Amino acid sequence: MQKDLASHRVLITGASSGIGEALAHVLAARGASLVIAARRIDRLNALAISLTQTHKVPIEVLRSDLTKPQAAAALFELAAVKPITWLINNAGVGPYGPFLEYPATRHTETIALNTLALTELCHLGASHMTTHKQPSFITNIASLAAFQGAPGYAVYAGTKAYVRVFSEILGHELAASRISITCVCPGGVYTEFLEQAGQSLNEAGHAHMMRAEDVALLTIEATLARKS
């Protein structure tokens, strides 16, 4: 790949696996400097070593649990010691099952991560980008569930619908700036998400799945094209 993104410094949340990890690989291959964040520091460190050795780009590792109060602000403060030109809000969860079978705290944690942390990081990121005035991007990872909810995903689908609508409006408000907002709404993706959600695929379900690597490539292409 060409090193066409060498001028960018990218903050990726949820970078320890799945789509976040795939995005890190593609962006590093194209020369971007990365700040990768997640809860699992061991996986982040292993990823950083691999990317540094393979692509010779600067990689910073930050442990962050974005379900916790003040975590988003603390993460961005550490990441923004140098200009961030691309923020990718990828971290998210989606417990699967009837609403009443989970404790309320599980649902509030889902809301905290999928919407509250994302919103705060968008505010911090856009304010920061407005200050440094470099061409910048914010990419929010939503879901096909943002358009079509499904039984068992009441809270998850609700949070992703929020992300889609919020991203569309924020993009409109920032249209005259040098900041572009892109919301990505993938369907089923082969990641740890299904296992963590407590859902399994039947044979027919595999026909509708995508690879994380393909989602990452489409995400980067759409963001750079400034598609909403």
Side-chain angles (χ1 to χ4, degrees), residues 1 4-5 8 10-55 57 59 61-64 66 86-96 110 113-114 117-118 121 137-148 150 153 156-157 159-160 163-164 167 182-225 227:
M1 292 185 180
D4 58 331
L5 299 180
H8 283 281
V10 188
L11 170 59
I12 309 173
T13 68
S16 61
S17 65
I19 296 172
E21 181 180 3
L23 285 163
H25 279 285
V26 178
L27 290 165
R30 293 180 64 169
S33 302
L34 303 182
V35 182
I36 53 176
R39 290 179 294 182
R40 296 177 292 187
I41 192 68
D42 54 336
R43 289 201 177 191
L44 290 178
N45 286 331
L47 176 60
I49 291 170
S50 174
L51 295 176
T52 301
Q53 292 176 343
T54 304
H55 303 297
V57 293
I59 309 290
V61 171
L62 294 175
R63 185 185 184 282
S64 180
L66 291 172
W86 194 339
L87 166 64
I88 302 179
N89 284 307
N90 170 73
V93 292
Y96 174 74
T110 298
L113 177 59
N114 293 6
L118 177 143
L121 285 170
F137 306 101
I138 296 176
T139 307
N140 292 328
I141 308 298
S143 167
L144 191 61
F147 296 93
Q148 178 61 64
Y153 279 125
Y156 174 77
T159 62
K160 294 305 182 179
V163 172
R164 177 177 66 84
S167 298
T182 297
C183 182
V184 183
C185 298
V189 184
Y190 287 115
T191 68
E192 295 177 353
F193 178 87
L194 290 177
E195 179 183 347
Q196 293 176 351
Q199 187 180 25
S200 59
L201 285 175
N202 58 28
E203 185 174 348
H206 289 281
H208 304 284
M209 299 294 288
M210 295 181 69
R211 298 187 314 143
E213 293 80 1
D214 295 327
V215 175
L217 289 169
L218 289 168
T219 295
I220 292 167
E221 178 183 335
T223 300
L224 291 174
K227 294 183 177 181

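Source: prediction; values computed, not measured. Just so you know, these numbers use all the heavy atoms, side chains as well, and skip hydrogens, waters and symmetry mates.
For the side chain to side chain donor-acceptor pair (under 3.5 Å) test, no residue two or more places apart in sequence or in another chain qualifies with His55. With sequence neighbours left out, Asn90 forms a side chain to side chain donor-acceptor pair (under 3.5 Å) with no residue at all.
Between Val163 and Cys183, the closest side-chain pair of non-hydrogen atoms falls below 4.5 Å. When side chains are defined from C-beta on, Ser64 counts as touching Leu66, because their heavy atoms get closer than 4.5 Å. Using a 4.5 Å heavy-atom threshold, the side chains of Leu217 and Val26 count as touching.
Between Leu5 atom CG and Ser33 atom OG the span is 10.5 Å, to the nearest 0.5 Å. Of the inter-residue distances, the one linking Ile36 atom CD1 with Glu21 atom CD reads 9.0 Å to the nearest 0.5 angstrom. For the atom pair Ile41 CD1 and Arg63 CZ, the distance stands at 7.5 Å (nearest 0.5 Å). A distance of 8.5 Å separates OG1 in Thr52 from CG in Leu47, rounded to the nearest 0.5 Å. Rounded to the nearest 0.5 angstrom, Thr159 OG1 and Leu118 CG are separated by 9.5 Å. To the nearest 0.5 Å, atoms CG (Asn89) and OG1 (Thr13) are separated by 5.0 Å.
Of all heavy-atom pairs spanning Leu11 and Ala37, the tightest one is CD1-CB, 4.5 Å. Closest approach of Cys185 to Ser143, counting heavy atoms only: CB-O, 3.4 Å. Residue Ala48 comes nearest to Val61 through the heavy atom pair CB-CG2, 3.6 Å, listed as atom of the first residue, atom of the second, then distance. Smallest separation of non-hydrogen atoms from Leu34 and Ile12: CD2-CD1, 4.3 Å. Among all heavy-atom pairs drawn from Lys160 and Ala146, the shortest one is O-CB, 3.2 Å. Summarising the geometry of Arg30 relative to Ile220, their closest heavy-atom pair is NH1-CG2, 3.7 Å, with the distance given to 0.1 Å.
Between Trp86 and His8, the angle of the ring planes goes over 60°, which puts this pair in the perpendicular group of the 30/60° scheme.
Results of the side-chain contact (heavy atoms from CB on, under 4.5 Å) test with Ile88 over Asn140, Leu27, Ile138 single out Leu27 as the only residue that passes.
For residues 214-223, the side-chain hydrogen bond (donor to acceptor under 3.5 Å, both in side chains) pairs, not counting sequence neighbours, are Thr139-Thr223, Arg211-Asp214.
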After noting the C-alpha distance and the side-chain angles of Leu224 and Phe137, does the key distance pass the side chain to side chain contact (heavy atoms under 4.5 Å, CB included) rule? CA-CA 8 Å; Leu224 291 174; Phe137 306 101; 3.9 Å; yes
